[in-house]
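Here's the structure, in C-alpha cells; my notes come after.
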Amino acid sequence: MGVTFALAAPGLAQAQNQSMEERLRTQLRSTTQQLQSLQSQQAQVNAAKVAAEAQRDAAQHEIERLRAQLGEVKGQATKLAEQQSAIEQGARAQVAASAAQRDQFKDAYNELLTMARAAEAERTTLTASLGQRDAELSMCTAKNQELYQAGKEILAAYESFSTGDMLKIRQPFAGGARVKFEEQAQVYGDNLYSGQFDPRQVESAPAPATASPEADS
C-alpha cells in the first residue's frame, strides 16, 4: 500500500500542478479580460472627459460671447436711456418755452386788444366831438350869416332913413309912422337876437350821422 501511494504521489502532484496552472491561467485570463474591460472603460471615460471638456470649453466660450453681447446690450440700453432722458428733458424744456411764449403772446394780444378798444372808444368820442363841433360851426356860420343879413338890413334902413322921416315920427299926430318905425325896429331886434349863437340849440338839434367803425375800417 505504501508502494502504491508512493507511485501515485507524483501523478497526484502533477495533477495538482496542472490544476493550479489551469486556475492561474483562468485567473490570468479573467484578470486580463477585466484589465481590458477597465482599459476600455478608461478609454470611454477619457473620451467622455475629452468630450465634456470640449463641451465645457465651448460652453465657456459661449458664456464669454453672451457676456460680451450682454455688455454691449447693456451699453446700448444705457445709451438709449440717456438719449431718451435727454429727449424728454428737451421736450419738457420746449413745452415750457412754448407755454411761456404762448403766455407772452396772450399778454401781448390782451394788451393790444385793450389798446384797440381804448383807441376805438377815443375815436368814437372824438368822432362825436367832431360832429358836435361841425354842428356848432354850421350853426355859427348860419347865425353869422343871419347877423350879417340883419346888419345889412339895418344899414340899408339907416341909409334910407331921412330927416323927413325923423320929422314925421316926431309929429304929434304921426302915430302911424311911429308905430311902423317901432315895428320895423322890433323886427331888426328880433333878427339880431335870433342871430346870436346858443350851444343849447346845437344839443337839441339832431346829431349828424357819423361813420361806423366798420365803414372806417
Side-chain angles (χ1 to χ4, degrees), residues 37-150 192-217:
S37 178
L38 289 176
Q39 288 177 348
S40 177
Q41 293 178 0
Q42 183 66 34
Q44 292 178 357
V45 169
N46 291 334
K49 181 180 178 181
V50 171
E53 290 177 351
Q55 291 179 356
R56 181 199 62 191
D57 294 339
Q60 188 67 30
H61 290 310
E62 182 67 16
I63 290 173
E64 292 177 357
R65 186 184 69 80
L66 291 176
R67 285 178 178 175
Q69 187 175 0
L70 179 61
E72 293 178 357
V73 171
K74 287 183 178 180
Q76 292 177 356
T78 302
K79 186 176 181 180
L80 289 175
E82 293 175 352
Q83 291 178 353
Q84 183 178 2
S85 177
I87 292 173
E88 290 177 355
Q89 292 178 359
R92 285 195 293 267
Q94 188 173 2
V95 169
S98 298
Q101 190 175 12
R102 180 199 60 195
D103 293 339
Q104 291 178 356
F105 286 160
K106 184 177 180 181
D107 294 340
Y109 170 77
N110 292 331
E111 184 177 357
L112 289 176
L113 183 60
T114 302
M115 292 174 61
R117 289 175 177 172
E120 178 63 21
E122 185 178 2
R123 188 189 71 83
T124 302
T125 302
L126 291 177
T127 300
S129 178
L130 180 60
Q132 181 74 15
R133 296 299 179 270
D134 290 341
E136 291 178 357
L137 179 60
S138 298
M139 183 167 288
C140 284
T141 302
K143 292 298 182 180
N144 288 336
Q145 187 66 29
E146 292 178 4
L147 288 175
Y148 177 73
Q149 187 65 31
L192 290 175
Y193 181 79
S194 64
Q196 293 179 351
F197 173 72
D198 187 359
R200 291 175 297 180
Q201 296 176 351
V202 179
E203 295 176 358
S204 61
T210 58
S212 62
E214 291 78 3
D216 292 342
S217 60

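The first residue in the sequence is number 1, and the count goes up from there.
- Asn46 pairs in a side-chain hydrogen bond (donor to acceptor under 3.5 Å, both in side chains) with only one of the listed residues (Gln42, Lys49, Gln44), which is Gln42.
- Pairs engaging residues 94-113 under the salt bridge (charged side-chain N to carboxylate O under 4.0 Å, His left out) rule: none recorded [sequence neighbours left out].
- Other residues, nucleotides and ligands place no more than 12 heavy atoms under 6.0 Å from the CZ atom of Arg67.
- To the nearest 0.5 angstrom, Ile63 atom CD1 is 11.0 Å from Asp57 atom CG.
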In residues 76-90, what donor-acceptor pairs under 3.5 Å come from side-chain atoms, sequence neighbours left out?
| from | atom 1 | to | atom 2 | distance (Å) |
| --- | --- | --- | --- | --- |
| Thr78 | OG1 | Lys74 | O | 2.8 |
| Gln84 | NE2 | Glu88 | OE2 | 3.4 |

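- We find the OG1-CD distance between Thr127 and Glu120 to be 8.0 Å, quoted to the nearest 0.5 Å.
- Considering only residues two or more places apart in sequence or on other chains, Arg65 meets the side chain to side chain donor-acceptor pair (under 3.5 Å) condition with Glu62, Gln69.
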**Message:** Please evaluate residues Gln145 and Thr141 with respect to the criterion side-chain contact (heavy atoms from CB on, under 4.5 Å), reporting the C-alpha separation (whole Å), side-chain torsions for both, the decisive distance (0.1 Å), and the verdict.
**Reply:** CA-CA 6 Å; Gln145 187 66 29; Thr141 302; 5.7 Å; no
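- Rounding to the nearest 0.5 angstrom, the gap separating the OH atom in Tyr109 from the OG1 atom in Thr114 is 10.0 Å.
- The distance from the CZ atom of Arg133 to the SG atom of Cys140 is 10.5 Å, given to the nearest 0.5 Å.
- Contact of the Val95 side chain with the Arg92 side chain is not registered, since no non-hydrogen atoms from C-beta on lie closer than 4.5 Å.
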